Amino acid sequence: MNQAVLILIKPDGLKKSLTGNILARLSETKLEIVAAKMVRVSKELAEEHYQHLKDKPFFGEIVKYLQGELHDRKKVMALVYWGEDAIKKCRDLAGATNPEEAESTSIRGSYGRITTGGVYENVIHVSSQESEAEREIKLWFHPDEVIVDLYLAKKVAHKEYKTYDWA
Ligand code: UDP
Ligand code: MG
C-alpha cells in the first residue's frame, strides 16, 4: 500500500552536516521524494507539530530543539517520501526514539545523542502512523508544494492576500 510520510532533518542534523548522509540512507528505501523545502520553524509550528507531547515534562525543550534554539541553526529540512510501506521503511532506517537504544547502524543510532539536559537529539523526525503523517504533512506543506495529490484540496481565492515575487 502506498503511503506518504513526513521526514524532518532536525537542526542538529543540519548543524552536523548530515543532510547528504541522511538523504543517502533514505534513498535505500527506493521511495519517491514528492515534496522538499527548508523551513524556519516558529514556536507555534513546533508546538503544533509536537502537540501529542504537550503534557510531557520535556515539551518545552523539544519545541526549542525543533526551532533550532539549541543549535544555532534556525531551520529544518522538511520532506515527504511516498511509496509502498513508506512509514515502516523510514522508521526502521531512523531507529528508536532514544538514540542510545537505537540500533547502531540506524540513522539515530549513528548520529544521535542525549544531551546533559536529557533531550534526545536524534537528528530526524519520521511520522509514526498514517493518520499522524496526514496531519503533519498538512501542517508543514501547502497542497501545491506536494507534486502528487495526497489528500483532498480545495481552491481558495485570497482577496487581501499579499505574497512575494522576484523583483
Ligand atoms: N523526546 C525526548 N525524550 C523523550 C521522548 C521524546 O527528548 O523521552 C524527543 C525526541 O527528540 C523525539 C521527540 O521528542 O524524537 C518526539 O517524541 P516521539 O515520542 O514522537 O518520538 P519519535 O516519533 O520522534 O520517535
Ligand atoms: Mg513521533
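Keep in mind that what you see is a predicted model, and the values were worked out from it rather than measured.
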(request) For the residue pair Tyr111 and Asn21, confirm or rule out a side-chain donor-acceptor distance under 3.5 Å. (result) yes
(request) Can you establish whether the number of heavy atoms outside Asp144 located under 6.0 Å from its atom CG is more than 12? (result) yes
(request) Working to the nearest 0.5 Å, report the span between CD1 of Ile9 and OG1 of Thr19. (result) 4.5 Å
(request) Return yes when atom NE2 of His142 has more than 12 non-hydrogen atoms of other residues, nucleotides or ligands closer than 6.0 Å, and no otherwise. (result) no
(request) Could you tell me whether the side chain of Asn122 and the main chain of Arg108 form a donor-acceptor pair under 3.5 Å? (result) no
(message) Keeping Arg40 on the side-chain end and Lys74 on the backbone end, is there a donor-acceptor pair under 3.5 Å?
(response) yes
(request) Kindly indicate whether the side chain of Phe58, heavy atoms from C-beta on, has any atom under 4.5 Å from the side chain of Val119. (result) no
(message) Membership question, hydrophobic clusters at under 4.5 Å side-chain separation (ILVMFWY): are Leu66 and Val39 in the same one?
(response) yes
(message) Could you go through Tyr81 and Glu32, starting from their C-alpha distance and side-chain angles, then the distance that decides it, and tell me whether this counts as side chain to side chain contact (heavy atoms under 4.5 Å, CB included)?
(response) CA-CA 5 Å; Tyr81 280 75; Glu32 193 183 336; over 6 Å; no
(request) State plainly whether the residues Glu132 and Arg135 are in salt-bridge range, i.e. N to O under 4.0 Å. (result) no
(message) For the CD1 atom of Ile22 and the CG atom of Leu14, what is their distance to the nearest 0.5 Å?
(response) 7.5 Å
(request) Kindly compute the distance separating NE2 (His49) from CG (Leu6), expressed to the nearest 0.5 Å. (result) 6.5 Å
(request) Run the salt-bridge test on Lys37 and Glu145 with the 4.0 Å N-O cut-off and return the result as yes or no. (result) yes
(request) Grab the two heavy atoms, one from Ala102 and one from Gly109, that are nearest each other, plus how far apart they are. (result) CB-N, 3.6 Å
(message) Is there a path of hydrophobic side-chain contacts, each under 4.5 Å between heavy atoms, that joins Met38 and Leu45?
(response) no
(message) I need the minimum non-hydrogen distance between Val146 and Phe141, along with the two atoms involved.
(response) CG2-CB, 4.0 Å
(request) Kindly give the heavy-atom pair with the smallest separation between Leu26 and Leu93, and that separation in Å. (result) CA-CD1, 3.8 Å
(message) Please determine whether side chain to side chain contact (heavy atoms under 4.5 Å, CB included) holds for the pair Ile7 and His125, giving the CA-CA distance in whole Å, both sets of side-chain angles, and the decisive distance to 0.1 Å.
(response) CA-CA 5 Å; Ile7 304 279; His125 166 82; over 6 Å; no
(request) Hey, could you give me the OH/CG distance between Tyr120 and Asn98, rounded to the nearest 0.5 Å? (result) 4.0 Å
(message) Would you say CD of Glu103 has more than 12 non-hydrogen atoms from neighbouring residues, nucleotides or ligands within 6.0 angstrom?
(response) no
(request) For residues Val76 and Pro11, determine if any side-chain heavy atom of one lies less than 4.5 Å from a side-chain heavy atom of the other. (result) yes
(request) Start with the C-alpha distance between Asp85 and Met1, add both sets of side-chain angles, then the distance that settles side chain to side chain contact (heavy atoms under 4.5 Å, CB included), and finish with yes or no. (result) CA-CA 6 Å; Asp85 249 344; Met1 189 190 36; 5.9 Å; no
(request) Could you check if a side-chain atom of Glu84 sits within less than 4.5 angstrom of a side-chain atom of Lys89, using non-hydrogen atoms only? (result) yes
(request) Treating Ile, Leu, Val, Met, Phe, Trp and Tyr as nodes and any side-chain heavy-atom pair under 4.5 angstrom as an edge, say whether Ile62 and Val126 lie in one connected cluster. (result) no
(request) Return the minimal non-hydrogen interatomic distance between Phe59 and Tyr50, and the atom names on each side. (result) CE1-O, 3.3 Å
(request) Ignoring hydrogens and angles, tell me if any N or O in the side chain of Ser110 forms a donor-acceptor pair with the backbone of Ser104 under 3.5 Å. (result) yes
(message) Under 4.5 Å between side-chain heavy atoms, counting indirect links through other Ile/Leu/Val/Met/Phe/Trp/Tyr residues: same cluster for Leu8 and Ile124 or not?
(response) no
(request) Would you please test Asp12 and Leu70 for side chain to side chain contact (heavy atoms under 4.5 Å, CB included) and show each step? (result) CA-CA 8 Å; Asp12 52 329; Leu70 313 180; over 6 Å; no
(message) Is the shortest side-chain heavy-atom distance between Gln129 and Glu134 below 4.5 Å?
(response) no
(message) So which atom in Gly83 and which in Asn2 form the shortest heavy-atom distance, rounded to 0.1 Å?
(response) C-OD1, 3.2 Å
(message) If you count heavy atoms of other groups shown closer than 6.0 angstrom to NZ of Lys75, is the number above 12?
(response) no
(message) Strictly distance-based, threshold 3.5 Å: is any side-chain N or O of Thr29 a donor or acceptor partner for the main-chain N or O of Leu31?
(response) yes
(message) Using a 3.5 Å distance criterion without hydrogens, assess whether the side chain of Gln3 forms a donor-acceptor pair with backbone atoms of Ile87.
(response) yes
(request) Looking only at non-hydrogen atoms, find the nearest pair between Pro99 and Ile114 and report the distance. (result) CG-CG1, 4.1 Å
(message) What I'd like to find out is whether the side chain of Ile137 reaches to under 4.5 Å of the side chain of Tyr151, using heavy atoms alone.
(response) yes
(message) Just checking Lys88: does its NZ atom have more than 12 heavy atoms from other residues, nucleotides or ligands closer to it than 6.0 angstrom?
(response) no
(message) Within the 4.5 Å heavy-atom criterion, are Leu150 and Val80 side-chain neighbours or not?
(response) yes
(request) Give, for atom CH2 of Trp140 and atom CD of Glu48, the distance between the pair rounded to the nearest 0.5 Å. (result) 11.0 Å
(message) Within this structure, what is the OG-CD distance for the pair Ser131 and Glu136, rounded to the nearest 0.5 Å?
(response) 9.0 Å
(request) Check whether NZ of the Lys or CZ of the Arg Lys10 lies under 6.0 Å from the centre of the six-membered ring of Tyr65 and within 45 degrees of that ring's axis. (result) no
